[in-house]
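Below you'll find the structure, written out as structure tokens, and then a few comments.
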Amino acid sequence: MTIVSLETLIAGVRAGGLASFPTDTVPALATLPEKADLIFAAKQRSQDKPLILMGAIAKDLWPYVKGSEQEYQIWQQVVNKFWPGALTLVLPASSLVPQVMNPTDPTTIGIRVPNSAIAQTILAQTGPLATTSANFSGQPALLTMAEIAAQFPTVLTLEPTATAEAAIGLPSTVAKWTGEGWQILRQGAVSLD
């Protein structure tokens, strides 16, 4: 098992490693966007299931999407209401998004800011990361760092601390921008009007 301190985990991610840490929904597997293939391999995940780009604040994620001025205003209104929180927005991807994040449809990217102090602390120091739930593809999400460390022995797993936050155990709601409105791809913790 590779249970590490916050500082070691951040350094490991910056060096291109695969890590796991708590979020407000379920614990994440995370790495640098250009190293996203590490997540697909570790999870035994199908290439047609894209990853989410998670950031500490919305401003960190806007360069990874592209849209009209009017679209940005609509997206910003939704973000102002629901972020940080359990809502993933699937938006048109900019050229900054590595194709390995969404191999079968590199034209879109899911973005999210978690409502988790630990996750935000990590993301503020690493920059946006490619993320998904910590589990083998098709299996239930693992909810404790001990379970994750046991299932993924080579992944840098954040040591449990006294300041650990309670995750809701539900995945984020995923809403895709269609050009005219929102299509709910997965109903999760947030209900979008």
Check residues 10-17 and write down every donor-acceptor pair under 3.5 Å in which the side-chain atom is one partner and the other belongs to a residue at least two apart or another chain.
residue: Arg14; atom: NE; partner: Gln125; partner atom: O; Å: 2.9
residue: Arg14; atom: NH2; partner: Gln125; partner atom: O; Å: 2.8

Listing, residues 129-137 side-chain donor-acceptor contacts under 3.5 Å, not counting sequence neighbours, or none:
residue: Thr131; atom: OG1; partner: Ile52; partner atom: O; Å: 3.1
residue: Thr132; atom: OG1; partner: Arg45; partner atom: NH1; Å: 3.1
residue: Ser133; atom: OG; partner: Lys43; partner atom: NZ; Å: 3.3
residue: Ser133; atom: OG; partner: Asn135; partner atom: OD1; Å: 2.6
residue: Asn135; atom: OD1; partner: Lys43; partner atom: NZ; Å: 3.1
residue: Asn135; atom: ND2; partner: Gln139; partner atom: O; Å: 2.7

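Screening Ile74, Leu89, Thr108, Val90 for a side chain to side chain contact (heavy atoms under 4.5 Å, CB included) involving Trp177 leaves a single residue, Ile74.
Residues forming a side chain to side chain contact (heavy atoms under 4.5 Å, CB included) with Pro171 (at least two apart in sequence, or on another chain): Arg186.
For the pair Gln73 (side chain) and Gln70 (backbone), a donor-acceptor distance under 3.5 Å is absent. Side-chain atoms of Gln120 do not come within 3.5 Å of backbone N or O of Asn115 as any donor-acceptor pair. Listed for the Thr2 side chain is no donor-acceptor partner under 3.5 Å among the backbone atoms of Leu156. Remark: the backbone N or O of Val190 is paired with a side-chain donor or acceptor of Gln187 at under 3.5 angstrom. When atom types are taken as modelled, the side chain of Glu71 and the backbone of Ser68 share a donor-acceptor pair closer than 3.5 angstrom. For the pair Thr8 (side chain) and Val4 (backbone), a donor-acceptor distance under 3.5 Å is absent.
A ring-ring contact (aromatic ring centres under 6.0 Å, His included) check over residues 86-124, counting only residues at least two apart or in different chains, returns nothing. Each ring-ring contact (aromatic ring centres under 6.0 Å, His included) pair with one or both residues in residues 31-58, not counting sequence neighbours, would appear here, but there are none. Listed by first then second residue, pairs satisfying salt bridge (Lys or Arg N to Asp or Glu O under 4.0 Å) with a partner in residues 96-120 read Asp24-Arg112, not counting sequence neighbours.
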Subject >> Worked verdict on Ile111 versus Trp83 for side-chain contact (heavy atoms from CB on, under 4.5 Å) >> reply: CA-CA 11 Å; Ile111 60 172; Trp83 281 2; 3.7 Å; yes
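One distance of note links OG of Ser20 with CD1 of Ile148; it measures 3.5 Å at 0.5 Å rounding. In this structure, CG in Leu158 is found 9.0 Å from CZ in Phe21, a value given to the nearest 0.5 Å. Note that the CG atom of Leu142 and the CG atom of Leu29 stand 8.5 Å from one another [nearest 0.5 Å].
Transitive grouping of hydrophobic side chains (ILVMFWY, heavy atoms separated by less than 4.5 Å) keeps Val100 and Val97 in distinct clusters. Tyr72 and Ile57 fall into different hydrophobic clusters, defined by Ile, Leu, Val, Met, Phe, Trp and Tyr side-chain heavy atoms under 4.5 Å apart, directly or through other members. Side-chain heavy atoms closer than 4.5 Å link hydrophobic residues (I, L, V, M, F, W, Y) into clusters, and following such links, even through other members, never connects Val174 to Leu51.
For the 3.5 Å distance criterion, the side chains of Thr88 and Ser172 qualify, holding a donor opposite an acceptor.
Ring pair Trp75/Trp62 is parallel by interplanar angle, where below 30° counts as parallel and above 60° as perpendicular.
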